[in-house]
Protein chains: 2
Amino acid sequence: MGRKRTKSGKIRLAEVAELAGVSPITASRFFRNPEALSVAKRTRVESAARELGYVPNLAARALASQRTEVIGVLIPSLTNNVFSDVLRGIYDASEGSRYSIQLSNTRYSILQEEKLLRLFLAQKPAGLIVTGIDQTTESRAMLEAADCPIVQIMEIGPNPVDMMIGFSHYDAARAAIAHLFAQGHRRIGFVGARMDPRVQRRLDGYAAAMKEAGLFDQRLTVTTATPTSVTLGGALFADLIAREPAIDAVFCANDDLALGVLFECRRREIPVPDQIAIVGFNDLEFMASSVPTLTSVRTNRYEMGSTAAAMLIEAIEGKRPEKPVLDLGFTVIERQSSQAQRPTASPRAGEWVAAVQNDSVTNDP
Amino acid sequence: MGRKRTKSGKIRLAEVAELAGVSPITASRFFRNPEALSVAKRTRVESAARELGYVPNLAARALASQRTEVIGVLIPSLTNNVFSDVLRGIYDASEGSRYSIQLSNTRYSILQEEKLLRLFLAQKPAGLIVTGIDQTTESRAMLEAADCPIVQIMEIGPNPVDMMIGFSHYDAARAAIAHLFAQGHRRIGFVGARMDPRVQRRLDGYAAAMKEAGLFDQRLTVTTATPTSVTLGGALFADLIAREPAIDAVFCANDDLALGVLFECRRREIPVPDQIAIVGFNDLEFMASSVPTLTSVRTNRYEMGSTAAAMLIEAIEGKRPEKPVLDLGFTVIERQSSQAQRPTASPRAGEWVAAVQNDSVTNDP
DNA sequence: GTCGTTGCTGGTAGCGCTGTCAACGATCCT
DNA sequence: AGGATCGTTGACAGCGCTACCAGCAACGAC
């Protein structure tokens with residue numbers, strides 16, 4: 001006689017085991033480690049499960065095994081294009097795996113991050129993806145004490161908690177400035193918003209490059225803690241140019257700001273790049289189709305997410321990567337907005353259409 | 001003498017109950033329905049839990065109670081700005097509640113949606129948020145059979161599965177066209193990408209408005225199944241104007257396309273709005289700061305997400321909303337790009353700066 | 001032939017929590 | 001005063017799965 005069904009009418013592992021003529025524990029093993037079964041039992045359990053339409057109860061599994069199949073992801077923003085690309089990578093890489101993604105938004109607050117981390121860790125996640133390297137001391141301690149693999153994403157730095165994948169925002173900013181130098185620009189402004197740690201490091205890279213060239217001037221830097229936007233880019237640029245009308249280039253901490261600067265230039269009839277060059281950061285899609293097209297520093301956001309999730313899953317399953325720190329690099333994509341200064345004051349608009357994209361400076365470590 | 005601790009060293013409900021001097025079940029009730037306890041026991045359990053730093057084991061809770069505290073969310077895209085705003089609303093509204101969000105990406109495939117739905121439902125979610133009203137028959141049946149509250153978001157239509165929150169894309173498109181008519185435009189093109197059901201309904205609204213005015217012409221419509229982008233907007237507009245050079249306005253199915261059209265006009269030195277007016281859809285932030293500023297149909301995306309999550313949580317807890325279908329409406333934000341046609345062929349750029357934003361046409365049902 | 005050793009399988013005993021039901025005293029009504 | 005009702009509490013029995021360990025057969029080494 002058969003066992004009695006569960007109240008909810010759902011198929012349990014026991015039913016599958018019974019149909020397959022094996023013990024429940026053998027059926028259980030089939031789902032966790034099929035190689036441990038003989039081929040005969042394996043196929044019997046498989047067909048029994050399929051026939052009954054068995055779906056494992058994750059709560060029971062988590063309770064019995066004392067661990068979940070959840071990957072926690074802590075990111076600072078849900079709106080920022082940058083993170084939506086990273087997230088897409090994470091979701092894509094986790095799809096098809098047994099792990100599910102649990103997302104939380106720190107809103108750029110490391111205190112909030114600490115709180116969420118505590119919450120996550122209490123549920124014993126299988127793995128954790130956290131943004132950046134600027135955790136609180138408390139968070140850092142929790143991460144180090146956590147008994148699950150952890151990937152820090154978005155940037156690289158010394159002392160990884162575990163694994164790390166990103167690139168140097170400092171070097172990327174320096175490369176952008178080097179490109180502007182190469183194009184003959186000297187008085188280069190910096191426009192930044194939000195000023196999270198990564199933007200701050202871009203500012204540091206800019207400042208270092210300028211200082212080395214003997215060109216640094218505090219008054220060329222305009223920043224705000226306000227969240228970034230296109231409109232804000234225009235406003236910050238207005239501030240900058242009011243203070244320093246003689247600038248010949250602007251390095252923007254992200255592409256939204258760069259687009260705002262471009263619009264503001266257009267509003268003021270300032271020719272770009274002939275009077276002012278513009279360089280953005282991230283290389284969002286629209287940078288390639290604006291008029292003029294906008295130079296930017298391409299970052300590998302999708303790869304960052306997908307690689308992080310893939311590395312994490314490997315590590316969860318015991319296969320730790322050979323190199324725990326991965327530098328994904330960046331590429332300066334040179335476009336019209338930062339072309340070399342020309343003698344002619346104002347080219348015809350049609351001229352831009354003919355211009356081709358230059359070679360790019362890639363940093364692939 | 002105390003009970004023995006759990007192997008993992010974690011605090012269990014039993015420990016809390018013991019310290020509080022109550023039975024475990026009373027302690028359990030404290031977390032689920034504190035009102036059912038006497039004030040004395042309530043405070044004792046509360047302080048005991050705090051003192052021990054008790055964190056409930058969700059897996060055990062889910063197993064024992066036969067239900068999870070997970071809200072499943074099915075959206076078609078993670079990259080689209082539209083959905084990131086909706087998501088932010090959902091996450092914000094769920095924060096602080098006991099429910100956690102489980103996100104999945106259908107990639108605009110209703111078959112994928114069906115698959116994910118099956119997966120979700122098998123885990124007995126507390127509630128479900130699904131995008132749109134175009135599920136497969138199978139999906140529809142599963143949704144109707146599900147024993148949890150469900151909210152359909154992004155648009156409204158007949159026969160809600162349960163609750164519904166959105167707006168009429170058809171009406172919104174008609175309002176946009178009505179605005180263009182009011183500004184004196186007649187030969188209005190339509191540019192659309194991806195052509196998911198909501199974009200299709202915008203096209204239907206456009207077509208209906210044009211037909212009623214006796215102005216519909218199939219050749220004014222350019223669409224593609226390709227995912228949307230700014231660059232694509234330029235390309236589609238190039239197609240459109242090659243086919244129909246005499247158009248005087250373009251209604252774009254979203255703002256990215258509109259921006260692409262604007263750039264393409266600039267590239268071709270077509271004055272906007274004097275030769276061609278542009279209207280977008282969604283009113284993303286950059287629309288207000290482009291040059292010229294771009295008219296768009298504002299949609300309440302954040303509110304859609306936050307209200308959907310709030311309604312769902314209320315419904316899960318037994319308080320069903322008085323009205324299960326909520327129309328969040330839309331607003332035509334009139335900006336420079338669709339101003340009335342003028343006699344002067346090409347205004348000075350500076351003129352735009354002075355222009356003020358017009359009154360707007362709001363649809364608040 | 002005996003004794004590991006390996007590969008596979010099964011039994012037992014929970015994981016930490018909650019649903020159900022019964023019990024109890026207090027309060028209220030007739 | 002007696003009974004009904006309400007509010008509060010606790011005992012019991014799992015929820016469905018897996019960790020742990022034992023058992024058993026087959027095999028090879030000595």
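Predicted, not measured: the structure shown is a model, and the values here were computed from it. First the proteins, then the strands, lettered A, B, ... as listed; each starts at 1.
Take A:K323 and apply the salt bridge (charged side-chain N to carboxylate O under 4.0 Å, His left out) test, not counting sequence neighbours, and it matches no residue. Residues satisfying the side chain to side chain contact (heavy atoms under 4.5 Å, CB included) criterion with A:L143, sequence neighbours excluded, are A:L117, A:L128, A:V130, A:Q135, A:I150, A:V161. In this structure A:E303 satisfies the salt bridge (charged side-chain N to carboxylate O under 4.0 Å, His left out) test with no other residue, sequence neighbours excluded. Not counting sequence neighbours, A:R44 has no partner by the salt bridge (charged side-chain N to carboxylate O under 4.0 Å, His left out) test. Legend: residues meeting salt bridge (charged side-chain N to carboxylate O under 4.0 Å, His left out) with B:E113, ordered by chain and number and at least two apart, are absent.
Between the CZ atom of B:R98 and the P atom of C:dC17 there is a distance of 14 Å, rounded to whole Å. Atom-to-atom, CG of B:L63 to P of D:dG14 comes out at 14 Å; the value is rounded to the nearest Å. Rounded to whole Å, atom P of C:dC15 lies 15 Å from atom CD1 of B:I11. The CD1 atom of A:I25 sits 11 Å away from the C1' atom of D:dC21 (whole-angstrom rounding). With rounding to whole Å, B:N57 atom CG is found 17 Å from D:dC17 atom P. Between the P atom of C:dG10 and the CD atom of A:E18 lies a distance of 13 Å, rounded to the nearest Å. Here C:dG14 presents its C1' atom at 11 Å from CZ of B:R12, a figure rounded to the nearest Å. Taking atom CD of B:E69 as the reference point, atom P of C:dC17 lies 13 Å away to the nearest angstrom.
Residues B:T106 and B:S109 bring no donor and acceptor atom of their side chains to less than 3.5 Å of each other.
Interface residues of residues 26-48 of chain B facing DNA chain C, ordered by number: B:S28, B:R32; criterion, heavy-atom separation under 4.0 Å.
A:S65 has no side-chain polar atom (N or O) that falls below the 4.0 Å cut-off from OP1 or OP2 of D:dT18. Note on A:Q66: a side-chain N or O is less than 4.0 Å away from OP1 or OP2 of C:dG16. For the OP1/OP2 pair of C:dG19 and a distance below 4.0 Å, the side-chain nitrogens and oxygens of B:R67 include at least one atom meeting the criterion. In terms of phosphate contacts, A:Y54 brings a side-chain nitrogen or oxygen within less than 4.0 Å of OP1 or OP2 of D:dC17.
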Carefully, step by step, assess B:S23 and B:T26 under the rule side-chain hydrogen bond (donor to acceptor under 3.5 Å, both in side chains). CA-CA 5 Å; B:S23 71; B:T26 301; 3.1 Å; yes

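If you check C:dG11, D:dC17, C:dG16 against the side chain of A:A64, the one that comes closest is D:dC17. Relative to the side chain of A:L13, the nucleotides D:dG14, C:dG10, D:dT18 differ in distance, and D:dT18 lies closest. Of all nucleotides listed (D:dG16, C:dG11, D:dG10), D:dG16 comes nearest to the side chain of A:A60.
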Just distance, no hydrogens or angles: give the donor-acceptor pairs under 3.5 Å from side chains in residues 50-64 of chain B, sequence neighbours left out.
{"unit_1": "B:N57", "atom_1": "OD1", "unit_2": "B:A59", "atom_2": "N", "d": "2.9"}
{"unit_1": "B:N57", "atom_1": "OD1", "unit_2": "B:A60", "atom_2": "N", "d": "3.0"}

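A distance of 9.5 Å separates OG1 of A:T43 from CG of A:L37, quoted to the nearest 0.5 Å.
Sorted by first and then second residue, the salt bridge (Lys or Arg N to Asp or Glu O under 4.0 Å) pairs with a member in residues 19-38 of chain B form an empty list; sequence neighbours excluded.
Taking a pair as Watson-Crick or G-U wobble with both distances under 3.5 Å, DNA chain D forms stems of 3 or more consecutive pairs at C:1-30 with D:1-30.
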